[in-house]
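Below is one structure, written out as structure tokens; comments come after it.
Predicted model, so just to flag it, every value in this text is computed and none were measured.
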Amino acid sequence: MAVAPLSAWPWENLGFYKYLLYGPLVGKFVYSRMQEESPDETWCLHILIISIFRGIIYLLWNVYSNMLFLTRNRRIIQKGIDFKQIDTEWDWDNFIILQALMASMAYYMFPCFENLPLWNTKGFIALLILHVTVTEPLYYFLHRHFHKNHSLFTNYHSLHHSSPVPQATTAGNATFLEHLVFSTVTAVPILGASVMGYASTSMIYAYVFVFDCLRCLGHCNAEIIPHKLFKTLPFLRYLLYTPTYHSLHHTEMDTNLCLFMPLFDALGNTLNSKSWQLHEKITSASGNKGRVPDFVFLAHVVDVTSSMHIPCFLRSMASLPFETRLFLLPCWPIAFVFMLMLWAWSKTFLVSFYYLRGRLHQTWAVPRYGFQYFLPFARDGINKQIEEAILRADRIGVKVISLAALNKNESLNGGGILFVNKHPNLRVRVVHGNTLTAAVILNEIPKDIKEVFLTGATSKLGRAIALYLCQRKVRVMMLTLSAERFQNIQQEAPVECQNYLVQVTKYQAAQNCKTWIVGKWITPREQSWAPSGTHFHQFVVPPILHFRRDCTYGDLAAMRLPDDVEGLGSCEYTMERGVVHACHAGGVVHSLEGWSHHEVGALDVDKIDLVWNAAIKHGIRPVSSL
């Protein structure tokens, strides 16, 4: 398919190396500082500083837009931001590079940019006049032409409108020609004031930063301007647009075409008649609770580094499986301070959401980190946070709440049974989801296996796996030092299957077994007892180290959500896109099936196949089958 001229960015194949285009500016400034006789090249530094702060402005607005615990009741378009939109907007900052290069050319072309004063009041006045009388009407005319001309819209402007949910980064998502044209138009006030001799450094900084903030405001998808302001000062509605106003442009594209001033839409007869009413409706309803989720996955933070892997920090990074990224290490102290703030003041908050078959699924996070679950003095506080989240879900009408990871720890709350016993009249179904976790692990084990070695056998999952396998006539070597616990599990098995459960106390006993199921963390030394060719299945967090090159390692139990999931745009910890932990999927199955029982405490071995078949029926597939 032919690409329209100037629709592609010249550096689109450079990837991350596109930032080397700033190299000449850096080099020129450094050289000027090193050579005493070299002319002052401070302008290079100003362009670099402006470019950096522009990127920060857009990212901060994106952070705000995705702080769902702040914006959920003021969101304009209720859809979620999916992976497709995130990928489309990945290079949103191309326009900042372009405008830095254009600014460099302007410096050489127009001597008026040399030796600018810090402040000149006349420059701000000239800037404002030129913006209102030249940039605003010219932008409106060109923008309208990009919409009315089928070829221009299809080949150039449609990319900007391909994002269903406006975000600050959406403002930068456009073709090269479009940004080239609009950058020229928006540069008129700065250039005009400079040619007049009124320019100043502060004028340039102020115009660029205010311009970017207004662009981000229009694309943030969260209404922050109170409608009462326009009722008190009605003329302001024609001088300043709102997020609602511009969102209507993205949903009804031939209306609300202005840059920042609706006055020009009024003059051009393109002002959407619903603009003010919708604005008032959204701001008036901001105090309401909004739509009640059908399903909630109650997660927690793993550690300080992974706390940055959330949509409200860096949306693009959250759309990829978590891994430690070196460029984020400077942010670690900030993340650490936030951990202390969450520990001291925060309560459970909304992190992300998606839709599945018309049902709203949300992820809430308990403001606690993994290590805190092992602090004896912190346990009561954590249980209180979980309990309050469950009661809140029950109060607002959530149907199912699924406990993630350590939120259902056996020693913490008995796998959720503490809350169900304490509040017997709960309408919300509390689910640990481990039945599906067990099913995933068991279905990964080949049907012809005759013997397995199991660690963590006395846990909820370990017990259920052992009982299920012995009923399949599989010999299960259970590593446990407690004879009493082993006997309790053995007695739960049918009499004819009890001999298939074997207690072992040392790893050496498994040196001829090639199927290890790891439910308790094992060291590289303990792994060394496994024979070559062993496969390590695991349900332990964190996963064991991949120490043996002559062995294979399974991932944590996980399932892929159905293809018709909507608005999913973040990865669940280390999982691939569209894949969630099996306990999350177990809660989803519970919700889709409409089951009325709680799934807490010990696993019901007889329900493992039932839950597995229900998951498959709903299109929730094991990752290993893909």
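A donor-acceptor pair under 3.5 Å is formed between the side chain of T523 and the backbone N or O of E526. A side-chain donor-acceptor contact under 3.5 Å links Q85 to the backbone of V165. S247 places no side-chain N or O within 3.5 Å of a backbone atom of T244 that could act as its donor or acceptor partner. The backbone N or O of L59 sits nowhere less than 3.5 Å from a side-chain atom of T169 that would complete a donor-acceptor pair. Of the possible donor and acceptor atoms, none in the side chain of S352 sits under 3.5 Å from a partner among the backbone N and O of T363. Judged by distance alone, with hydrogens and angles left aside, the side-chain atoms of D394 form a donor-acceptor pair with the main-chain N or O of V428 at under 3.5 Å. A donor-acceptor pair under 3.5 Å links the side-chain atoms of S65 to the main chain of C220, judged by distance alone. Within the 3.5 Å criterion, the main-chain N or O of I544 finds a donor-acceptor partner in the side chain of Q538. Judged by distance alone, with hydrogens and angles left aside, the side-chain atoms of W521 form a donor-acceptor pair with the main-chain N or O of P543 at under 3.5 Å.
A pairwise comparison of heavy atoms in I417 and V600 identifies N-CB, 3.8 Å as the closest pair. Of all heavy-atom pairs spanning F322 and S306, the tightest one is CE1-CA, 3.5 Å. Heavy-atom minimum distance, M575 versus A557: CE-O, 4.4 Å. I86 and S319 get closest at one heavy-atom pair: CG2-OG, 3.6 Å.
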* To do: Dump the intermediate steps for side chain to side chain donor-acceptor pair (under 3.5 Å) on H361 and Y354, then the final yes or no.
  => CA-CA 5 Å; H361 292 193; Y354 62 88; 3.2 Å; yes
* Would you sort out whether L412 and I386 count as a side-chain contact (heavy atoms from CB on, under 4.5 Å), showing the intermediate values? => CA-CA 11 Å; L412 183 69; I386 299 171; 4.1 Å; yes
* Could you check L240 against I225 for side-chain contact (heavy atoms from CB on, under 4.5 Å), going step by step and ending with a plain yes or no? => CA-CA 10 Å; L240 178 66; I225 299 179; 4.1 Å; yes
* Test log, rule ring-ring contact (aromatic ring centres under 6.0 Å, His included), inputs W43 and F29 -> CA-CA 8 Å; W43 64 273; F29 174 73; over 10 Å; no
* To do: Take N173 and W90, measure what side chain to side chain donor-acceptor pair (under 3.5 Å) needs, and give me the verdict at the end.
  => CA-CA 8 Å; N173 184 39; W90 198 270; over 6 Å; no
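Here K460 pairs with E410 in a salt bridge; the nearest charged N to carboxylate O distance falls below 4.0 Å. Between E388 and K347 there is no salt bridge, since no side-chain N of the basic residue sits under 4.0 Å from a carboxylate O of the acidic one.
Counting only residues at least two apart or on different chains, the salt bridge (Lys or Arg N to Asp or Glu O under 4.0 Å) pairs with a member in residues 81-98 are K18-D91, K18-D93, D87-R577. Evaluation of the salt bridge (Lys or Arg N to Asp or Glu O under 4.0 Å) test over residues 56-77, restricted to residues two or more places apart or in two chains, returns none. Residue pairs satisfying the salt bridge (Lys or Arg N to Asp or Glu O under 4.0 Å) criterion with at least one member in residues 300-311, sequence neighbours excluded, are absent. Residue pairs meeting the side chain to side chain donor-acceptor pair (under 3.5 Å) criterion with at least one partner in residues 365-381, sequence neighbours excluded, are Y373-N407.
Taking the side chain to side chain contact (heavy atoms under 4.5 Å, CB included) definition, one finds that F377 meets it with W343, L375, sequence neighbours left out. Taking the side-chain hydrogen bond (donor to acceptor under 3.5 Å, both in side chains) definition, one finds that H227 meets it with T283, sequence neighbours left out. Qualifying side chain to side chain contact (heavy atoms under 4.5 Å, CB included) partners for A187, counting only residues two or more places apart in sequence or in other chains: none. Residues satisfying the side chain to side chain contact (heavy atoms under 4.5 Å, CB included) criterion with A405, sequence neighbours excluded, are H300. By the side chain to side chain contact (heavy atoms under 4.5 Å, CB included) test, E576 pairs with P321, V579, sequence neighbours left out. With sequence neighbours excluded, the residues forming a ring-ring contact (aromatic ring centres under 6.0 Å, His included) with H584 are F295, F297, listed by chain and number. For R325, the salt bridge (charged side-chain N to carboxylate O under 4.0 Å, His left out) partners at least two apart in sequence or on another chain are E323.
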N/O donor-acceptor pairs under 3.5 Å from side chains in residues 46-58, not counting sequence neighbours:
unit_1: H46; atom_1: ND1; unit_2: Y205; atom_2: OH; d: 2.8
unit_1: S51; atom_1: OG; unit_2: I47; atom_2: O; d: 2.8
unit_1: R54; atom_1: NE; unit_2: D212; atom_2: OD2; d: 2.6
unit_1: R54; atom_1: NH1; unit_2: Q99; atom_2: OE1; d: 2.6
unit_1: R54; atom_1: NH2; unit_2: Q99; atom_2: OE1; d: 2.9
unit_1: R54; atom_1: NH2; unit_2: D212; atom_2: OD1; d: 3.0
unit_1: Y58; atom_1: OH; unit_2: D212; atom_2: OD1; d: 3.0

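In this structure, CG in L556 is found 10.0 Å from SG in C583, a value given to the nearest 0.5 Å. Rounded to the nearest 0.5 angstrom, H246 NE2 and T170 OG1 are separated by 9.0 Å. Atoms CG and OG1, on N115 and T42 in that order, are 9.0 Å from each other to the nearest 0.5 Å.
Of the N and O atoms on the side chains of N66 and Q167, at least one donor lies less than 3.5 Å from an acceptor on the other residue. Of the N and O atoms on the side chains of H131 and Y207, at least one donor lies less than 3.5 Å from an acceptor on the other residue. Looking at H546 and Y553, their side chains never bring a donor and an acceptor atom within 3.5 Å of each other. Counting only N and O atoms by type, the side chains of H581 and E572 include a donor and acceptor under 3.5 Å apart. Residues N434 and K408 have side chains that bring a donor and an acceptor to within less than 3.5 angstrom of each other. For the residue pair N62/R315, the side-chain donor-acceptor check at 3.5 Å is not satisfied. Side-chain polar atoms of Q78 and Y355 form no donor-acceptor pair below 3.5 angstrom.
Geometrically, R215 does not engage W61 in a cation-pi contact, judged by NZ or CZ lying under 6.0 Å from the ring centre and within 45° of the ring axis.
The 12-atom threshold is not exceeded at CZ of F338, counting heavy atoms of other residues, nucleotides or ligands nearer than 6.0 Å. Counting heavy-atom neighbours within 6.0 Å of F336 CZ, excluding the residue itself, gives a total of 12 or less. F16 CZ: 12 or fewer foreign heavy atoms inside a 6.0 Å radius.
By the 30° and 60° cut-offs, the orientation of the rings of W11 relative to W9 is tilted.
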